[in-house]
Every structure is written in C-alpha cells, then in structure tokens.
Amino acid sequence: MNFLNLFLKKIIRKKHEDSKEEEPQEYQSPQEAEQAFETSDSSPASLELSHEHPLYKLYDMRTEKSRNTPPPELVMKGCDELTEEQVRKELMRFRIEITKAADLRLKDATPKVSDSEEEDEIPHLEPSMDALPFVYVSSDRMYAFIMAFPPTGWGKELDCGLIYEALEKKKVTYGVDEELLDKLPEDYNRYFHLFLIAKGNKPMNGDNGYIVDYFLRHVERLPEMDEFGNVDYTTLGSEQNVKKGDLICEVIPPTEGIAGRTVLNQELRCRNGKSVSLPKGKNTEVSEDGYKLLAAIDGRVEFSGRYFSVRPLLEISGNVDYSTGNINFIGDVLIKGDVCSGFSVRAMGDIKVCGVVESCEIEAGGDLIVVKGIVGNMETIVRSHHNIYSKYLVNSIVHARKNVHTDSIRYSNVYSDGEVEVCSGRGLIVGGQIRAAQGIEAKTVGSVYESPTSIILGGQPYASFEKELLTRTIKEMKEEMEKLERQPDSPFRTKRMSKLRLELSISGMKLNKFERDKERIDETLEKQGGCRLKCGTAHPRVSITIEDETVILDRTYNSCNARLVEGEIFLM
C-alpha cells in the first residue's frame, strides 16, 4: 500500500512539472497579441488558438471526465455593426483577456503536489471548483460576450445564478439576452463557446428639418426648337403664378434624437436635428401652425436667393392703347394683345406680350417675352435687365443686360451684355448693328444683296448704354445743384439739395460698380477664350469688329467662325 501511494505521488509530481514546462506564453502587450493574431488563419470574427493554449488544456481535462464535450469555438457573432477591422481589434483584446483567465483557471484546476516525501501523504488528485462564466465587455461597451469554464471535481455545473453573478461582477445590466441566459445552462455548447449575452443601443441622432418646395427656385427659360428648327415663344411665359392662399413651401420639422445605452447601462448622448426657418419674403405669410408658407396676394412666385416672394401680376386682357394708357407696374405684366405705337410699358418684374410690340418704349426689370415680335421705326426702344425673347426684331433698338433670343434680326440695333442667339427659324441677321459682349451665333449673317451689317464683339454694350444714361443724369443733377445754390435759403431748397446730394452719392457708386463689372467680365471672357461670331453663312459687306480690330468680308464664308487670335481676326 505504501509503495502504491508513493508511486501515485511521483506520477502526479511529474505531471505537474511537465505542465509548468509546457505552460504557454502569456501575451504582455497588444502589439505582441496583434502579431500572433496576424499569423493565424482565422475568419474575421473567429479566434483560433493553438492546442498548447491554457484553454485547450482545460478542455483536455474536461474531456477526460466527460467525452461528450464539443471542442472550443470562439466566434464573435451578433456584432454585425462593427467593421472587419473593429472585429479584428476586439478579437486581439479578447485573446489577451481569455488567455489570462484560462491560465488562472488552469493553475487553480491543476492538482497541488506536496514537497514531502513521506509515504503516508497522498495528494488531492483534482480540486473541486464550480463552473466559471467568463464575461468579456467590448472596448466600446456596446457588446458583452460570455464563455463558461466547466466545473472540476465535485464542483457545481453552470446555472443561472453563476451567470448572474458573473454579469453583476462586470456590471453588465443593460440589454441582457434573458432568453439566452435561461437556456444557456442546458445548452449542449455551454462550455468553451462564446455567446453574445448583452447588446447596447447606439444613440440615434435626430434628422435635420428641411423645406419642401412647391415652386422652382430658379426658372431657366431655354427656347426649345422642334424638329423643323422653330421655337414656340408662347411656352416661355410665367408658369409660376399663384393665387392668394396657395402653398409655396413647407417646413418638415426636425426629429429628436434617441439616447443610447451601453451594456453597463451608461447613457450615450445623442444630437437633436436642427430646425430650419421658412424663407419668407414679400407678399407671403406663414400658416397658423408655423410650418407652411402661403401666398398673401395673387401674383407670381420668385426666389431671390434667400426668400420666396410673390410679385403682383397685372393682366391686360387686350391691347395697350388709349383704353389702358401707359403701364407702370411694380410687379409682372401680362399683355394678351399688342403694345400699340406711342405707348410705354414699364415693370419691375417680367413683361410678356402675347401680340406685337410696335413703335413704343418698353422696360422690364426681369425678362421680356414678345410672342409675335417687335416691329418699330428705329424709335422703338426696348430694354430688359435680364433676357429678351422675341419671334423677330425689325427696325428696333434693343438693350439686354443678358441674352437675346430671336428667330431673325432685320435692320435693328441690338446691345447685349451676354450672347445674341439667332439659331431658330430662319436664323437671319441682316442690316443694322449687333453688339454682344460674349458672342453671336446665327445661321446667316448679311444677305446676297450685300446689305451692310455690323457685328461688334466685346465690351459691355448694355452697361455702356446705362453708363451713358447715368452720366447724363449726374450732369443734370449737378446743374440743378448749381441753380439751387444761387437761390435764397428756404425749406424747399434745403430739402431738395439734401435729396440731390444723396442721389449723386448713389449715382457715383453705380459708376464705380460699372468699372468693377467690366473688369470681372473681361476676366471671364479671357478664361472662356474670348468672344466670337459663329454662323453658317456670312455674306460680303459684313463688318466684324472684335476689340480694336475690324475686318470687312469681301466674299461669302460658309461655316464662319470669327475669333481674335494674337491681335488679329481669324475666320475659320
């Protein structure tokens, strides 16, 4: 009997010494763990350990007692919101912690051997320890995983009480999967398998408020040609008309954010959505609930860069003649007939004439649309602070701050700070003087009868015209100031001189603005490669001037493309 006890004692001591020699290296730093992790062939969410790892030694000890134990499987399932790189970092961190925990468990589970050689001392073959749940909390505290070590000796099997105790020790109290917790003690894979036991809620920021528009903010009138090359000018009207009370736009209010929670029941702050204000402009009103912008009057909707406003619309059902008199309106004007000779129409907004413009004066603060055309006697002066659209121009003087679109121009003087496009219909320019800052495009320039036609490119034709008018106005105001200075003092004299000084100051600033605009336009043209004339056919006696250079055609040019190159006009 003594001999048997001594024999068993030596076998256990030898086993204990072998386990010390084969004890795996514990990773001391994340860098070492990362290096070891990169050498494994694991899938992105799976942690592969060598069979010399303490966890596998514990598994071997378990299989000696219970053969019906599945092999270890450490897979971080259920964290789909993490990227592959984030999962990889969590696995490296988990490797370090599970190594420490398994190593401590292995030391506690290894039988203790006494150094005494007395024959009557028999060592305890296996200490009795309850099952031990190991809880791992991710670095962002949004996930908690659990893996249970099996009991040893006569220790207690895994139960809910042990799991609750382990979770409480790690302070995991939020998002616990109660269903998993209840069935885990009876699960076949309860030991050496990794389970997601708790999951937090990420904060959800609120959505910003935004505006839903029911009218276009920017309306571009682009004449569209049909298959025959014709443009229907009736379709270029003001399509953004509203009635009083119509809905212009509305605000969709922001939403509040939802705070998040970690598995440690720590609140994660969220951000509420930002509110937006209604772009309320002139002649609009806000609804009682504060979310809708409504038209306060009948008119036309426009967006001025920051606000929606409604410009009043004056509708003339017939002609502008003695029945209506001259028109001077602060909004848009729609004339369903003609503008007869001798009358004038002025509007701060758009002007649309469904008929013909005869020998009269028209000034539009916006676009000017003439469906049938303009026919004058070289006394007709038409001005637009934006674009001009007309079926044809005959014997007229036309000024446009931007572009001119028409089917034909006959014996008219046109001044445009943009482009003159005569590409639809006949696309003919014959006679007169056409000046454009940015370019001219037409099908035919001149005629076979060699009618003198002048094409002048560059500069600021419209701005120069306005500058001339402004200079003339300044001169008249200065002459009036001189007359007032010679008059005796009076309330009228003082009031009038004060008003004239203010107007002179404003006019001086406008003159300075003309100079700045000229420099800006010159730079833009230089970037675009300069202005040019492009036409299908150019006949003799067509004069082309670009800056200070002039050339007069002496023959017919097909596919003419005139441009200034190194100080000379080239016709290509």
Side-chain angles (χ1 to χ4, degrees), residues 229 378 387-388 390 392-468 514-515 517-572:
M378 295 309 291
N387 302 302
I388 293 179
S390 180
Y392 52 80
L393 304 176
V394 178
N395 292 329
S396 305
I397 301 174
V398 175
H399 300 266
R401 184 181 290 276
K402 292 186 177 179
N403 303 326
V404 175
H405 301 264
T406 182
D407 285 2
S408 67
I409 302 175
R410 293 175 177 269
Y411 306 101
S412 299
N413 293 341
V414 178
Y415 304 86
S416 168
D417 278 1
E419 297 181 354
V420 176
E421 296 184 3
V422 194
C423 303
S424 56
R426 296 190 62 185
L428 173 66
I429 297 177
V430 58
Q433 184 182 89
I434 314 300
R435 303 186 61 172
Q438 299 182 20
I440 298 173
E441 186 172 357
K443 293 181 180 179
T444 304
V445 178
S447 70
V448 293
Y449 302 106
E450 300 186 4
S451 302
T453 305
S454 178
I455 302 296
I456 302 175
L457 300 172
Q460 289 180 282
Y462 182 89
S464 298
F465 171 73
E466 282 199 329
K467 185 178 179 181
E468 182 181 343
F514 282 129
E515 297 299 327
D517 290 345
K518 184 178 184 305
E519 294 177 1
R520 177 179 53 80
I521 292 173
D522 290 342
E523 290 177 0
T524 303
L525 287 174
E526 187 176 350
K527 292 178 181 178
Q528 294 175 349
C531 47
R532 64 177 182 175
L533 166 67
K534 184 179 179 181
C535 62
T537 303
H539 291 286
R541 296 197 67 187
V542 171
S543 171
I544 302 174
T545 301
I546 304 178
E547 294 185 4
D548 298 329
E549 297 296 318
T550 302
V551 63
I552 300 176
L553 305 186
D554 56 359
R555 63 181 179 86
T556 299
Y557 286 82
N558 294 318
S559 298
C560 179
N561 194 340
R563 179 179 294 188
L564 188 67
V565 180
E566 296 181 354
E568 294 185 13
I569 297 176
F570 279 81
L571 301 174
M572 297 174 281

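FYI, the numbering just counts along the sequence from 1.
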* Taking atom CD of Q433 and atom CD1 of I397, what is their separation to the nearest 0.5 Å? -> 10.5 Å
What are the two closest non-hydrogen atoms of [X] and [Y], and how far apart are they?
{"X": "H539", "Y": "S447", "result": "CB-O, 3.3 Å"}
{"X": "V422", "Y": "D407", "result": "CG1-O, 3.3 Å"}
{"X": "Q460", "Y": "D417", "result": "C-OD1, 3.2 Å"}

* Between R426 and T444, does a side chain to side chain contact (heavy atoms under 4.5 Å, CB included) hold up when you go through it step by step? -> CA-CA 8 Å; R426 296 190 62 185; T444 304; over 6 Å; no
* Asked: side chain to side chain contact (heavy atoms under 4.5 Å, CB included) with Y411: which of V394, L393, N395, T453?
  -> N395
Tell me if a side-chain donor or acceptor on [X] pairs with a main-chain N or O of [Y] at a distance below 3.5 Å.
{"X": "S412", "Y": "S396", "result": "yes"}
{"X": "T537", "Y": "N558", "result": "no"}
{"X": "N561", "Y": "K534", "result": "no"}
{"X": "N387", "Y": "K402", "result": "no"}

* Structure fact -> Residues passing the side-chain contact (heavy atoms from CB on, under 4.5 Å) test with A538, sequence neighbours excluded, are C535, L553, Y557, C560
* Decide side chain to side chain contact (heavy atoms under 4.5 Å, CB included) for T406 and V398; before the verdict, give the C-alpha distance in whole Å, the side-chain angles of both, and the deciding distance to 0.1 Å. => CA-CA 12 Å; T406 182; V398 175; over 6 Å; no
* To do: Evaluate the criterion side chain to side chain contact (heavy atoms under 4.5 Å, CB included) for residue pair I429 and I440; output intermediate values, then yes/no.
  => CA-CA 10 Å; I429 297 177; I440 298 173; 3.9 Å; yes
